[in-house]
Amino acid sequence: MNDFAELVYTATRKIPEGKVCTYGAVAKEIGNPKAARAVGAVLKKNPYGIESGCNSDQMVPCHRVVNMKGELTGFFGKTDEAAFERKRNLLEKEGVDFNTDGKVSQCCIHRKF
DNA sequence: CTAATGACCATTA
DNA sequence: ATAATGGCCATTA
């Protein structure tokens, strides 16, 4: 575990339920506005996934992080349809609004912390 | 150590 | 409006 990853996890944990956030916003929050890509790399390897225990303090809601288009890009290192579906279900359950094209409604994207 | 990769983003065509 | 290009950063090979 390095400092950068720790920052990413900390920032991601701040995302409120029923909202989502972009990789870029997280990057900006941790002080590296250009590191959106690196943020994705960290979350991809996220050891504190929601499937590892939703009640844990160190849990990181990486499913609440999407790209700027509102797409779900990936879930637990998987980019297949099944993963997207699972992720989408989770978000809907938390109250996130989805468009007909399967993307997150822009209104639900939390850009500021 | 260097080179390639990716759950991104902003800028052009 | 969509499609392609370049840059960015940390991780991984």
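All heavy atoms count here, side chains included; hydrogens, waters and symmetry mates do not. First the proteins, then the strands, lettered A, B, ... as listed; each starts at 1. Owing to the predicted nature of the structure, the values given are computational and were not obtained by experimental measurement.
If you take CD of A:Glu6 and C1' of C:dA10, they are 16 Å apart, rounded to a whole angstrom. Distance A:Asn2 CG to C:dC9 P: 16 Å, rounded to the nearest Å. When rounded to the nearest whole Å, the span between CG of A:Leu43 and C1' of C:dA10 equals 12 Å.
The footprint of chain A on DNA chain B, defined by a heavy-atom cutoff below 4.0 Å, extends from B:dG6 to B:dA10.
Under a 3.5 Å cut-off, the side chain of A:Ser105 and the backbone N or O of A:Cys108 do not form any donor-acceptor pair.
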Under 3.5 Å, which donor-acceptor pairs do the side chains of residues 69-82 of chain A form with other protein atoms, sequence neighbours left out?
residue	atom	partner	partner atom	Å
A:Glu71	OE1	A:Asn67	ND2	3.1
A:Thr73	OG1	A:Tyr23	OH	3.0
A:Asp80	OD1	A:Ala82	N	3.2
A:Asp80	OD1	A:Ala83	N	3.0

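Across the interface with DNA chain C, nearest-nucleotide mapping of A:Arg37 and A:Val42 shows A:Arg37 to be the residue nearer the 5′ end. In this structure, A:Met68 and A:Val65 both approach DNA chain B, and ranking their closest nucleotides by distance from the 5' end singles out A:Val65.
Looking at heavy atoms from C-beta onward, A:Cys21 lies in side-chain contact with A:Val26 at the 4.5 angstrom threshold. Annotation: side chain of A:Val96 is not in contact with side chain of A:Lys19 (no heavy-atom distance under 4.5 Å).
Among the atoms of the strands shown, only primed sugar atoms or phosphate atoms (P, OP1, OP2) are found under 4.0 Å from some heavy atom of A:Phe4. Across all strands shown, A:Ala36 has heavy atoms under 4.0 Å from sugar-phosphate atoms exclusively, and none from any base.
A:Asn32 has no side-chain polar atom (N or O) that falls below the 4.0 Å cut-off from OP1 or OP2 of C:dC8.
By the ring-ring contact (aromatic ring centres under 6.0 Å, His included) test, A:Tyr48 pairs with A:Tyr9, sequence neighbours left out.
Each of A:Arg86, A:Glu94, A:Arg88 was checked for a side chain to side chain contact (heavy atoms under 4.5 Å, CB included) with A:His63, and the lone residue meeting it is A:Glu94.
Using N1 to N3 plus N6-O4 or O6-N4 for Watson-Crick, or N1-O2 and O6-N3 for G-U wobble, each under 3.5 Å, C:dA13 pairs with B:dT2.
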